[in-house]
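What follows is a single structure, written as C-alpha cells, with notes after it.
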Amino acid sequence: MTEETALERERRAKIARWRSEGKEPYPWSFPGRVPTDVVRSAAAGLTPGESDPARSFRVAGRLRSLRRHGQVAFLDLDDAAGSLQLLLRADLLGDEAYRGWLADLDSGDIVGADGVASVTRRGEPSLEARSLTLLAKAIAPPPEKFHGLQDVEERIRRPYLDLLTSAESRERLRVRSLLVREVRRYFEAAGFLEVETPVLVPVAGGAAAAPFVTRSNYLGADLRLRIATELPLKKLLVGGAEKVFELGKSFRNEDLDSTHSPEFTELEAYWAYADYTEMRGFFEGLLAHLAGRAAELLPDSPARTKAAEAFRPPSRTVDFVDELERASGIPGLLDKSREELREIARRVGSTVPDSSPRGTFLEKLFEHFVEPTIDRLTFVVDHPEATTPLAKRHRSKPGRVERFEAFVPGYELANAYTELNDPDDQARRFEEQARGTGGDRYAYDADFVRALRYGLPPCTGIGFGVDRLVMALTGAESIKDVILFPIARTRTE
RNA sequence: GGGCCCGUAGCUCAGCUCGGUAGAGCAGGCGGCUCUUAACCGCAAGGUCAGGGGUUCGAAUCCCCUCGGGCCCGCCA
C-alpha cells in the first residue's frame, strides 16, 4: 500500500497538536454558513481597505492557498459558489492565535471562518476573519496549485483530484447535470412516464453486443447486465403503457475509446400509436431545445463553437441506400448478395468475419463511404431490412425498414424505428439473425416474442447515448470528458 | 488484436539524442516580511528514475520482457 510521505507525517503531527489542545480536527457539522458569493457581494460596495463590522458572515470550504506576510496573511477558500479570500490579521486575532492558525493550517484543509465583509487595500473582496474552525484536516496534499493534475492516468483514476483543481472539470459536471435535467423535463412535459427496468437479466437483448456476465447465488444461475432497455420497455407497451422512457446505465463488454464506454448512460423512449416520423419531429425539438440551453450554459470557447456548428439548422436528411450508392459509386447495392457485399466490404478494408450477416456488410460500407462525410447533424433514414431486426418493414420502400439514425460529426447520436410489432415477423427476423454463424447476433428473447403475441400497439421508439449527447452539445473530444468515473484497469499495489 | 508515444520527488517538469552515479519550480520544514492573490527573500530536507532482466568498468540514459496510461487503426446496434 501507499507509504506515508514526510509531507503526510507533518500533517499528522499537526492533527496531534490540534488534539492536544482539546480541539477536534474532524468535527460533526458547521451550521449557519453562507456560500462565499454572499460575502463577495456584501463586500462589493466597500472601498479598498475598508471592512464593515455590521456585516458578519460564516463561510466554509477548502483552503486552496496561503500567502503569509508576517503580521498579515491571505487564505483562498473555495466552495461550490466560487472562491473567497480570507484576511487574517495578527492585530485582530491576537499574536498567539494568529501564529497557531498559520502553523496548523495547510492547503487542502477544509475550514470554516467567521468574520466581517471587507475589501483589501488592493481591492479584493474578502472576509476579515475573527475566528477559524478546522472542519476536516487534509493529510494528503492537493495537486500542484497552478498546473493542477496533469497526469491523464491519475485524472481518470482519481477524478476527485481533477475536480479539486480544475474549474473546467467542475463546469463539465455541472453542465452535464443540467442538460440531463432538461432531457428529463422534456420527456415528462410530453407526457412520458419515467420507468425502471431490470439491469440484471437472463438474456441481454435489444442490441448486438457482448454482455457482462455475473452470477446470482439466490437463483443459482448466471445473469447478464443489460445491453439495452428496448425489450422490457416494449413489454410495458404490451401491458398498456402508452408513453414511457428510461434513463439509466447500459453495459457492453467492449473496448473503451473516444466514443464508447463499457458502462454508459442511455435513454430509450417508446410511444404508442405514433411512427418514426412523429418521433423524429419530437427528437429534433429536443435537440433544438438542448442546443439552446447548452449555448446559455457554456462559456464562449472553441468547444462551444464546435457544438453550435453541429446543431446549426437546417439538419440534413439522407436516404441510407441512395446516399451509400451515391458516395460509393456502386449502384444496385440492395439487390446484391451477401457474398458480393462481403467482397466490396473487404476491398475497402473491413475485417469483419466472412460469416457475418448481410446487413453487417452494408453497415460497414456505410461507415466507410458516408459517415466521414457527415459535417453536421444528419438524419440517415430507411435502412435496409437486413441491418435492423427490431424495426418495422417500410410502408412504401421495399426491402427497407422505417428507421432513422441521427449523426453528428464522428459518431452516431440516436437510433429510432417504427417498431416491429408483428410477432411472426419478429420471430422470423430473430431467426435470420441467428442464422449468421459469426459476427454479432441479437440474442433471441423468447419471452419478448411471446409478449408480442398478446398485441403490441403500433409504436415508435428511440434510443440515444446520453454521454454522447452531452459530448455533442458541449463539444467534448472524448466520452471520458463527460463521464465522472471512466473505467480503468484495476491497479495491483 | 496491430502500430506509435509516454511513465524521473506528493504535484508540474528538465536531464535520455551522445552512458560517468539526480536537477528546478510548487507543496511541506525552519527563519524573515502588515495588502498578497502562480506573493516574495534566505537556509535545509525530500528519489526503488514504473517493475524485472540484459549489455557495460559504469545505465534514468542503450537492448529485451512485464505492468500502467495515451493516440491512431481494427473490432464493437
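Throughout, protein chains are lettered first and strands after them, A, B, ... in sequence-line order, and every chain is numbered starting at 1.
Among residues at least two apart or in separate chains, ring-ring contact (aromatic ring centres under 6.0 Å, His included) pairs with a member in residues 65-84 of chain A are H69(A)-F74(A).
One C1' atom belongs to G28(B), the other to A44(B), and the distance between them is 12 Å to the nearest Å. Straight-line distance between the C1' atoms of C57(B) and C64(B): roughly 22 Å, to the nearest whole Å. The same atom, P, is picked in C11(B) and in U55(B); the two are 34 Å apart, to the nearest Å. Comparing G15(B) with U21(B), their C1' atoms are spaced 13 Å from each other, to the whole Å. Comparing the C1' positions of G19(B) and A27(B) gives a spacing of 33 Å, expressed to the nearest Å. Separation of the P atoms belonging to C35(B) and C43(B) is 23 Å when rounded to the nearest angstrom. Between the P atoms of A38(B) and C26(B), the separation comes to 14 Å (whole Å). Taking atom P on both A60(B) and C16(B), the two are 14 Å apart, rounded to the nearest angstrom.
When the shell of 6.0 Å around CD of E21(A) is examined, it contains more than 12 heavy atoms from other residues, nucleotides or ligands. More than 12 heavy-atom neighbours from other residues, nucleotides or ligands sit within 6.0 angstrom of CZ on R338(A).
Put simply, the side chain of S41(A) gets close to the backbone of V38(A): a donor and an acceptor are under 3.5 Å apart. Formation of a donor-acceptor pair under 3.5 Å by the R358(A) side chain with backbone atoms of K336(A) is found in this model. A donor-acceptor pair is defined here as one N or O able to donate and one able to accept, closer than 3.5 Å; such a pair exists between the side chain of R226(A) and the backbone of T197(A). Side chain of D467(A) to main chain of I479(A): no donor-acceptor pair is present (N/O by atom type, distance under 3.5 Å, no hydrogens or angles). Side-chain N or O atoms of K480(A) include none that pairs as donor or acceptor with a backbone N or O of L256(A) at under 3.5 Å. Using a distance-only test at 3.5 Å, with no hydrogens or angles considered, a donor-acceptor pair links the side chain of T165(A) to the main chain of L161(A).
Across the protein-nucleic acid pair, E154(A) atom CD and G69(B) atom P stand 11 Å apart, rounded to whole Å. D257(A) has its CG atom 19 Å from the P atom of G3(B), to the nearest Å. As rounded to whole Å, 8 Å separates atom C1' of C11(B) from atom CG of L149(A). Residue I487(A) contributes atom CD1, which lies 13 Å from atom P of G68(B) at whole-angstrom precision. H368(A) places its NE2 atom 11 Å from the P atom of C75(B), with the value rounded to the nearest Å. Distance, N253(A) CG to A77(B) P: 13 Å, rounded to whole Å. Counting to the nearest Å, the P atom of A77(B) and the CZ atom of R468(A) are 11 Å from each other. In this structure, L256(A) atom CG and C72(B) atom P are separated by 12 Å, rounded to whole Å.
For G70(B), one of the phosphate oxygens OP1 or OP2 lies less than 4.0 angstrom from a side-chain nitrogen or oxygen of K480(A).
In this structure, Y276(A) has its ring center at least 6.0 angstrom away from the ring center of F283(A).
Residue contacts for L390(A): at a heavy-atom cut-off of 4.0 Å it reaches no nucleic acid atom on any strand shown. Across all strands, E266(A) comes closer than 4.0 Å to base atoms (heavy-atom distances). Counting any heavy atom pair closer than 4.0 Å across all strands shown, E363(A) reaches sugar-phosphate atoms only and no base atom. At the heavy-atom level, Q150(A) lies under 4.0 Å from the strands shown only through sugar-phosphate atoms.
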Subject >> Contact state string [nucleotides 22-35 of chain B, B base, S sugar-phosphate only, - no protein heavy atom under 4.0 Å] >> reply: ---BBBSS---BBB
Could you write out each protein N or O paired with an N or O of nucleotides 42-45 of chain B at a distance under 3.5 Å?
none

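Nucleotide G1(B) is matched to C73(B) when pairs are restricted to Watson-Crick or G-U wobble geometry with both distances under 3.5 angstrom. Of the nucleotides present, none pairs with A60(B) by Watson-Crick or G-U wobble criteria with both distances under 3.5 Å. In a base pair of the Watson-Crick type (N1 to N3 plus N6-O4 or O6-N4) or a G-U wobble (N1-O2 and O6-N3), with each distance short of 3.5 Å, G7(B) is matched with C67(B).
The aromatic rings of F407(A) and F366(A) are tilted relative to each other, their planes meeting at an angle between 30° and 60°.
Checked against U37(B), A77(B), G69(B), the side chain of R67(A) finds its nearest nucleotide in U37(B).
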